[in-house]
**Student:** 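Take this structure first; my questions come after.
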Amino acid sequence: MKTLVILGASGDLTGRLLLPGVGRLISSGRAAGLALVGAGSDDWSPEQWQERLTGSFADALAPGGQSTAGGIKELASVQKNSHYQQLDVTAPGALGAFLATVEGPVAVYFALPPAISQKACEVLKKQELPAGTRLVMEKPFGSSAESAHALNETLASLVAEDHIHRVDHFLGKSTVLNIMGLRFANRLLEPLWNGEHIAKVEIIFDEDLALENRARYYDQAGAGRDMIQSHLLQIMAIVAMEPPATLGETDVRSSIAAVLRASTVGRTADTDPGTASRRARYTSGAIEGRPVPDYLSEEGVDPVNDTETLAEVEVFVNNWRWAGVPFILRSGKALGRTRKEAVITYKPVPHLPVGFTGTDSPTRLHIGFGPETLTLDLDVNGPGDLFTLDRVQLETDLASDPLLPYGEVLEGVLNGDPLLSVRGDTAEECWRIVEPAFAAWKSGAVPMEEYAAGSTGPANWTTSND
Ligand code: NDP
């Protein structure tokens, strides 16, 4: 890839996540020969753009990072040659004419509000795109299965599917490869990785961050659309997928797609989705001594949106391996404890020899995401009375990539590898799975519960090892 064009160059995502990711990627020597161009609707001076780059790249140059001498030199040169272009991407012909001036092949990153990205793609024409163009789309990808399908059709009229990168920065290389390495490189685990032996799987993403001035986006999305519809379903699919023959994108993404096609909220497609999902919203409280206001009184929040800040859905993967095993996907904000992990709970042993006393808890495997960790909870004898079982944890760190999540995503884009990008059909499947739950919430069939900011959630919601 020769040029990365960031549309929405003045935006929040670009400044906070995208450019720092670009900086790390280049400074670590993993993106040689790249040119960088920013575009936005504001009339920015070259100095403003350079200032933004300097601020965003500072972290990549800080001591202790993974930067190389060559990478640092390269980053300075990329910054010096980078320029900003004022552009209304929704004006017919404007984006196409601009792309014709850029040295190809080009990766066009749509860091724009979703409606603007969609409009920009609708006015683009295939013949305007330099050969080899890759289109990089942010979340949310559509707002329903139907709108995601329409957006997929628009994109398919421009470039081939393997040149479309639907970003899910949770699908960083470390997360995906750590789960696959653990599952498929250990004979001990995979034969027991099914409904015969596993009682339930929880995928939990609890944050201690509250709204953090993001009402404009979050109050329209809520925990369900922000986290469960996209990130958590994709992680679930990697936990549940059949072993792929290779780590090539076709094998891996087809295995992911097969899981999602088989999935429903509730035990079957006919289950009342209201009984298989819950939602709640935080009230005022404190997190580590920091006061947090009631969600509804946060600036920019409209109570009419009826937005949840904590959500849980019970998904079933209706195939031979997983029939009857609940996959509980939960995510929320303003919780007292940050918790980002998949928890696999095994069924009890068929018979515990009479005579043992003490702990008799199920074997549990925790795969932590950020930090990347692995913990196995086992019951073992002693210390002390050998007839008494005690709980122990075997723990290790898993590999993590020094690139920031967006650096990992961009590396895939620039290398032309869509392995970590969400495939078009699965983007639609994810909406199809959760839409019945969202409809039940909207109809009021699922009550909005409450929890104090800084707590672990509503009193009756429990997850493993709470
Ligand atoms: P912002 O509103 O901060 O930025 C949007 C950008 O789009 C601005 O640079 C704006 O330029 C530009 N823009 C708007 N209209 C046009 C137009 N017609 N032509 C050219 N540029 C235009 O949004 P975010 O950065 O927060 O979000 C961008 C995308 O990333 C969204 O899809 C969001 O869902 C996604 N995302 C954001 C995250 C975040 O933390 N911010 C996290 C994950 C995903 P100007 O200001 O000049 O109008």
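Quick caveat: nothing in here was measured; it's all calculated off a predicted structure. In listed order, ligands and their atoms are each counted from 1. Just the heavy atoms: all of them, side chains too, but no hydrogens, waters or symmetry mates, feed the values below. We count residues from 1, following the sequence as given.
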**Student:** Side chain, backbone, both or neither: which part of L87 has a heavy atom under 4.0 Å from ligand 1?
**Tutor:**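 It is the backbone that gets close, since no side chain atom is under 4.0 Å.
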**Student:** Do me a favour and list the nearest non-hydrogen protein atom to atom 40 (O) of ligand 1 with residue, atom name and distance?
**Tutor:**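 Closest protein heavy atom to atom 40 (O) of ligand 1: R16 NH2, 2.5 Å.
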**Student:** Quick one: does K119 get within less than 4.0 Å of ligand 1, heavy atoms only?
**Tutor:**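 Contact absent.
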**Student:** Quick one: nearest non-hydrogen protein atom to atom 18 (N) of ligand 1, plus distance?
**Tutor:**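 That would be D88 OD1, 2.9 Å.
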**Student:** Is it true that a side-chain atom of W441 and a backbone atom of R279 form a donor plus acceptor pair closer than 3.5 Å?
**Tutor:**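 No; zero donor-acceptor contacts below 3.5 Å.
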**Student:** Looking at atom 14 (C) of ligand 1, what's its closest protein heavy atom, distance included?
**Tutor:**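 Atom 14 (C) of ligand 1 sits closest to the protein heavy atom P113 CD, 4.0 Å.
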**Student:** Indicate yes or no: does an N/O atom of G40 lie under 3.5 Å from an N/O atom of ligand 1?
**Tutor:**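 No, no N or O pair falls under 3.5 Å.
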**Student:** Tell me: protein heavy atom nearest atom 34 (O) of ligand 1, and distance?
**Tutor:**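 Going by distance alone, atom 34 (O) of ligand 1 is nearest to K139 O, 2.7 Å.
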**Student:** Does H169, backbone or side chain, put an N or O under 3.5 Å from an N or O of ligand 1?
**Tutor:**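 N/O-N/O distance below 3.5 Å does not exist for this pair.
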**Student:** Does any non-hydrogen side-chain atom of W431 lie less than 4.5 Å from one of H149?
**Tutor:**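 H149 does not reach W431 side chain to side chain.
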**Student:** Does ligand 1 have an atom under 4.0 Å from some heavy atom of L112?
**Tutor:**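 It does; at least one heavy atom falls under 4.0 Å.
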**Student:** Starting from atom 26 (O) of ligand 1, what is the nearest protein heavy atom, named by residue and atom, and what distance separates them?
**Tutor:**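 The closest heavy atom on the protein side is D12 CB, 3.7 Å.
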**Student:** Below a 4.0 angstrom heavy-atom separation, can you tell me which part of A111, side chain or backbone, both or neither, approaches ligand 1?
**Tutor:**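 The answer is the backbone.
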**Student:** Tell me: protein heavy atom nearest atom 4 (O) of ligand 1, and distance?
**Tutor:**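 Residue, atom and distance for the closest contact: G11 CA, 3.3 Å.
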**Student:** Tell me whether the rings of H231 and F170 are parallel (<30°), tilted (30 to 60°) or perpendicular (>60°).
**Tutor:**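 Parallel.
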**Student:** Could you tell me whether Y217 and ligand 1 have an N or O pair separated by under 3.5 Å?
**Tutor:**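 It does not: no N or O of Y217 is found under 3.5 Å from an N or O of ligand 1.
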**Student:** Sort out for me which residue in T68, D401, N415 forms a side chain to side chain donor-acceptor pair (under 3.5 Å) with R30.
**Tutor:**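 Exactly one pass, corresponding to D401.
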**Student:** Just wondering, do Q234 and I256 contact through their side chains at under 4.5 Å, heavy atoms?
**Tutor:**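 With C-beta onward as the side chain, the pair touches.
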**Student:** May I ask you to identify the nearest protein heavy atom to atom 25 (O) of ligand 1, giving residue, atom name and distance to one decimal place in Å?
**Tutor:**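 The closest heavy atom on the protein side is L13 N, 2.7 Å.
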**Student:** Where the side chain of Q86 meets the backbone of S41, is there a donor-acceptor pair that is under 3.5 Å apart?
**Tutor:**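 Between the backbone of S41 and the side chain of Q86 there is a qualifying donor-acceptor contact (under 3.5 Å).
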**Student:** With a 3.5 Å distance limit and no angle check, can you tell me whether T309 reaches the backbone of Y282 through a side-chain donor-acceptor pair?
**Tutor:**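 Side chain of T309 to backbone of Y282, a donor-acceptor pair under 3.5 Å: yes, one is there.
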**Student:** Where the side chain of R253 meets the backbone of T426, is there a donor-acceptor pair that is under 3.5 Å apart?
**Tutor:**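 Checking the backbone N and O of T426 against the side chain of R253, no donor-acceptor pair under 3.5 Å is found.
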**Student:** In the protein, which heavy atom is nearest to atom 2 (O) of ligand 1, and how far is it?
**Tutor:**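 Here the closest protein heavy atom is R216 NH2, 3.0 Å.
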**Student:** Would a distance-only check, ignoring hydrogens and angles, find a side-chain to backbone donor-acceptor pair under 3.5 Å from E74 to G33?
**Tutor:**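 Side chain of E74 to backbone of G33, a donor-acceptor pair under 3.5 Å: yes, one is there.
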**Student:** Would you say L17 has any N or O atom under 3.5 Å from an N or O of ligand 1, going by distance alone?
**Tutor:**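 L17 vs ligand 1: no N/O contact under 3.5 Å.
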